[in-house]
Undergrad: 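I have a structure I would like to understand better, so I am pasting it below and will then ask my questions one at a time.
In what follows, chains are A, B, ... by sequence order, proteins preceding strands, each numbered from 1.
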2 protein chains.
Amino acid sequence: MDTKARMAKVGRAGANSAGAPLYRQAKRELQRLIECGHYGPGATLPSETGLARALGVSIGTLRRAVDELVHEHLLVRRQGRGTYVTSHTAERFLFQFFHVELRPDAPLDAPGEREYPQVTLVDFTRGKADEMEAAALDRPAGDAVFRIDNRLSLAGRAVVHDRITVAAALFKNLTEQHLRARPGTLYSLYQSEFGITVLRARERVRAIAADTDAARILGLPRGQPVLQVHRIALSFGDKPVEYRVSTVHTAMHDYVSLLPQGR
Amino acid sequence: MDTKARMAKVGRAGANSAGAPLYRQAKRELQRLIECGHYGPGATLPSETGLARALGVSIGTLRRAVDELVHEHLLVRRQGRGTYVTSHTAERFLFQFFHVELRPDAPLDAPGEREYPQVTLVDFTRGKADEMEAAALDRPAGDAVFRIDNRLSLAGRAVVHDRITVAAALFKNLTEQHLRARPGTLYSLYQSEFGITVLRARERVRAIAADTDAARILGLPRGQPVLQVHRIALSFGDKPVEYRVSTVHTAMHDYVSLLPQGR
DNA sequence: CCCAATTTGTTCGTATGTATA
DNA sequence: TTATACATACGAACAAATTGG
């Protein structure tokens, strides 16, 4: 085979061309190959020895580059099998992007920790970005956007209302059918149908009184305190690709801040 | 010197005695030395070559052990200087344990990102642990506890009310003077006066209507939606050492979920 | 200002263990 | 069983930052 095709050798060590350490150059090169689709979601990378040879670095340096990409959830390693490009599974959504959990003191039977929510599409429209949306998506105000309204249920109760905004320019011809027919998570749809990879997200949380829409969708009295989560999902180069405002009914559930590390 | 005194050599590689990899055994040994106070907060560790020799492992293995402890914020490395045991500075509090930030759309002058809050002691009492506190602190209900009520202000506004509960058994003879006289953060007081090291924290967030106390302390109408953050601070071995319920007025501020990585 | 000593950071290479197909 | 891939462990050499003379 020709696994080393189109693979740019990174700079040498002695005269450190780019200023950055060699393992970071190798990392960026790998990142570039994934971003440009040379290794798509779910793809198997060449072996470490092969990659190291192709990139012109030692195995130790290559491993360090891969280490960082694994920490950033862009790659996964499996001993004896190989190294793979991460794809957006339900698992990943649950642990990296879904932060609502049953309250530990809830008067219910304990349903074994994390639960994948049942998602219902409530509304799908096309419109023009308001100030907030435009700023979040780094686009001019008035830019064409799609808005997706989802209701998320846990254990049969409506718990979260998501108002999702994406730029129409990035999601050409997104239709309601896409959303209804998709087999996996929304982010896996972004990836498979539009070539957009969500890597991480920033979230800010505040408390507000439920407005009429939220109250109706979540089935609670208007004015009730609810959580409002503002999320900006980022792709390669920290490019914003989704703005999401979630309204969370926290009578039986919590927003759980992911705890640092856990060795 | 005798830096290698009282330092137990970890098992050999060939016959992997403990089942765990050698670098983890080395890590645990280092962790133990820090926990037992052999290297206190702020202490300088021996050089990597020295530590490696003392522990009977190679420099690469030692570095890997230290790497993990650095990721867990237990150690910090400074090139050319040495490796140090982390101590609880205001900096660390701000970035690892304080998650309230000015809203980006706030109608104010931008005060350069993160701001250290002005803390005012509102109340200090001794009492018996209720159900929640006992469960959180892993103690029998009715156990003696101290309760600390703090008001935190940002830019001159009262934004957070903290109700902190700690076991009296762990904080013997904690007095109001301790709290009023302390020069640094609360966690640095735990560390210097009581030998208790907070390593990480789990937080759960929900929305509630402000009760009378919170309304008074935060200067807002009763019934107003506010954030309620439940935090359990953990020490070595994930032992809970503090239970804290924070009430956050999010009219001008957000609870910011720490974003994963950031290379 | 420069030099030398010390310490961490980077890079290389090799050997061996462990998991998977 | 064999081959392949990642995981662990070792150690050498040099680069870069810091400190003190």
Undergrad: When the aromatic ring centroids of A:Y84 and A:Y39 are compared, is their separation below 6.0 Å?
TA: no
Undergrad: Strictly below 4.0 Å: does B:T83 bring a side-chain N or O up to OP1 or OP2 of C:dT8?
TA: yes
Undergrad: Under 4.0 Å, counting only non-hydrogen atoms across every strand here, what does A:G82 touch: a base, just sugar-phosphate, or nothing?
TA: sugar-phosphate
Undergrad: How close or far is atom C1' of C:dT7 from atom CZ of B:R63, stated in whole angstroms?
TA: 10 Å
Undergrad: Could you give the angle between the helix axes at the two ends of the helix from C:dC2-D:dG21 to C:dA21-D:dT2, with five pairs per end, rounded to 10 degrees?
TA: 10°
Undergrad: Expressed in angstrom and rounded to an integer, what is the separation of A:K27 atom NZ from C:dT11 atom C1'?
TA: 18 Å
Undergrad: If I take atom CG in residue B:L22 and atom C1' in nucleotide D:dG11, what distance separates them, rounded to the nearest angstrom?
TA: 14 Å
Undergrad: In this structure, is the centre-to-centre distance between the rings of A:H71 and B:H71 below 6.0 Å?
TA: yes
Undergrad: Centre-to-centre under 6.0 Å for B:Y116 and B:F98, is that the case here?
TA: no
Undergrad: Measure from CG on B:L62 to C1' on D:dT8 and round the result to the nearest Å.
TA: 15 Å
Undergrad: Tell me the interatomic distance from B:Y84, atom OH, to D:dA17, atom P, rounded to whole angstroms.
TA: 16 Å
Undergrad: Assess the side chains of B:H253 and B:E101: does a donor N or O sit below 3.5 Å from an acceptor N or O?
TA: no
Undergrad: Just how far, in rounded Å, is C1' of C:dT8 from CG of B:L51?
TA: 12 Å
Undergrad: Calculate the interatomic distance between B:R24 atom CZ and C:dT18 atom P; express it in whole Å.
TA: 16 Å
Undergrad: Who passes side chain to side chain donor-acceptor pair (under 3.5 Å) against A:Y23, sequence neighbours left out?
TA: A:R64
Undergrad: Using a 4.5 Å cut-off on heavy atoms from C-beta on, say whether the side chain of A:D254 contacts that of A:V100.
TA: no
Undergrad: Of the options D:dG11, C:dT8, D:dC6, whose atoms approach the side-chain atoms of B:E48 most closely?
TA: C:dT8
Undergrad: Does OP1 or OP2 of C:dT10 have a side-chain N or O of A:R64 closer than 4.0 Å?
TA: yes
Undergrad: What's the CZ-C1' distance between B:R53 and D:dC10, to the nearest Å?
TA: 16 Å
Undergrad: Do you know the tightest heavy-atom contact between A:S87 and A:Q191?
TA: CA-OE1, 3.7 Å
Undergrad: Examine D:dC10: is either OP1 or OP2 under 4.0 Å from a nitrogen or oxygen in the side chain of B:T61? Give yes or no.
TA: yes
Undergrad: What nucleotide among D:dT8, D:dC6, C:dT14 has an atom nearest to a side-chain atom of A:I59?
TA: C:dT14
Undergrad: Do you see a donor-acceptor pair shorter than 3.5 Å between the side chains of B:Y243 and B:H230?
TA: yes
Undergrad: For nucleotides 18-21 of chain D, print each protein N/O atom paired with a nucleotide N/O atom at under 3.5 Å, atom names and distance only.
TA:
from   : atom 1 : to    : atom 2 : distance (Å)
D:dT19 : OP1    : B:R81 : NE     : 3.2

Undergrad: Flag the pair A:F194 / A:H178 as yes when their ring centroid distance falls below 6.0 Å, and as no otherwise.
TA: yes
